[in-house]
Amino acid sequence: MNEKVSLKGRSLLRLDDLSDAEIFHLLDLAAEFKRQKHAGIRGNSLRRKNIALIFEKSSTRTRCSFTVAAQDEGGQAEYLGTHDIHFGKKESIADTARVLGRMFDGIAFRGFKQDTVEALARYSGIPVWNGLTDDWHPTQILADLMTIREHFGVLKGLKVVYIGDGRNNVANTLMVGCARAGMHFVDCTPAELSPPADLCRETAKVAAAHGGSVTVSTDPHEAVKGANVLYTDVWVSMGEEDKFAERVALLRPYQINMDLMRRTGNLENGKAIFLHCLPAFHDYKTELTHEIGPLEVTDDVFEAPFSKVFDEAENRVHTIKAVMVASLA
Ligand code: CP
Ligand code: NVA
């Protein structure tokens, strides 16, 4: 590991826990892990390490990435759904954290409150990694930056436009990540779903210091001009299911479709890609959407060659492996 960068013993609760050098170190380490995995090489840098996965919300990619990454490097992961353990019910979060801290080497947490993941880190005494809270999704954005860099070779100077629910965990964290990487980030969302003003102010300052920018727009046609990345997420995040009808009505004009992709002006020259953290409502077959069609992205965009969503999903495992190894090895 680079001498200036040491994440040993540290948690990742939000992207701002990392310095610029640490973010880029993790991206480099993840790229090396990807190269090794594709070459059939398995490591042992998590040998004898036990990882607890405490999940309050559902997950495919994040849960599997922590499990596979641990196993690839000789470690063990134990899934603890919060319905299976006493977490916050018969036992306080602080007590569960202290117990797990005596047994495990690291904890991945997915859930509702950011305070919960912070409490886990405070009381367990071992590294804790945020696998999504209502506020932040740091491991997702590391995979997104990795995917963008893989495609374009650089991050600095690229234009990323996030379109949809502009104040959710993914939008907030992407804003931070793009600012730190010196990119031009636009959060395109209706006024009702604007990101927090203080976050916009802070990230705009950070972006400017890195040669980039952060702006908010309500106009998708204007926002996407010159974009290299169009990014969206579900319109209704976990825990907000009662807002489904209201969100669909509000966000219909913010759907990413071929017309919007073409309006980047970068589709024909191969300088525009589509990203989505997944899961995505892109077709008519999904149970929830069978009567109302695709939501945040159309099927032709989702399935197009410029859609890099499965590279992005794969990169979850490489970046999460980098985070765990940097914290524990
Ligand atoms: N992108 C993401 O976090 O996916 P999961 O909800 O499947 O973990
Ligand atoms: N914003 C979404 C992300 C899912 C990976 C949610 O919180 O449900």
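The analysis underlying the following values was restricted to heavy atoms, covering all of them including side chains, and did not include hydrogens, waters or symmetry mates. Atoms within each ligand, like the ligands themselves, are counted from 1 in listed order.
- A cation-pi arrangement is not found for Lys271 relative to Phe152, the charged atom failing to lie both closer than 6.0 Å to the ring centre and inside a 45° cone about the ring normal.
- Protein heavy atom nearest atom 3 (C) of ligand 2, with residue, atom name and distance: Asp233 OD2, 3.5 Å.
- Summary of contacts: the protein heavy atom closest to atom 8 (O) of ligand 2 is Met238 N, 2.8 Å.
- For ligand 2, the polar-atom distance check finds an N/O of Asn169 within less than 3.5 Å of one of the ligand's N/O atoms.
- Contact atoms of ligand 2 toward Ser237: 1 (N), 2 (C), 6 (C), 7 (O), 8 (O) (distance under 4.0 Å to a heavy atom of the residue).
- Closer than 4.0 angstrom to ligand 1 by heavy atom are Ser59, Thr60, Arg61, Thr62, Arg110, His137, Gln140, Cys277, Leu278, Arg316, sorted by chain and number.
- Thr82 and Glu56 share no donor-acceptor pair across their side chains, judged by distance under 3.5 Å alone.
- Of the candidates Arg167, Lys57, Arg110, Asp134 forms a salt bridge (Lys or Arg N to Asp or Glu O under 4.0 Å) with just one, namely Lys57.
- Of all atoms in ligand 2, listed by their number and element, those nearer than 4.0 Å to a heavy atom of Leu278 are 5 (C).
- Using cut-offs of 30° and 60° on the angle between ring planes, the pair Tyr79 and Phe55 is tilted.
- Neither the backbone nor the side chain of Asp165 has any atom closer than 4.0 Å to an atom of ligand 2 (non-hydrogen atoms only).
- Counting only heavy atoms from C-beta outward, the side chains of Asn169 and Ser237 approach each other to under 4.5 Å.
- Against a heavy-atom cut-off of under 4.0 Å, Leu132 is close to the following atoms of ligand 2: 3 (C), 4 (C), 5 (C), 7 (O).
- Using the six-membered ring where Trp is involved, Tyr162 and Tyr231 have ring planes that are tilted, between 30° and 60° apart.
- Under the 30°/60° scheme for interplanar angles, the aromatic rings of Phe87 and Phe109 are found to be tilted.
- Taking each heavy atom of Asn130 and Leu13 in turn, the nearest pair found is ND2-O, 2.9 Å.
- Taking every heavy atom of Val234 and a limit of under 4.0 angstrom, the matching atoms of ligand 2 come to 2 (C).
- When non-hydrogen atoms are compared, ligand 2 lies under 4.0 Å from neither the backbone nor the side chain of Thr62.
- For Arg316, there are no salt bridge (Lys or Arg N to Asp or Glu O under 4.0 Å) partners two or more places apart in sequence or in a different chain.
- For Glu240 and Asn168, the side-chain atoms include no donor-acceptor pair closer than 3.5 Å.
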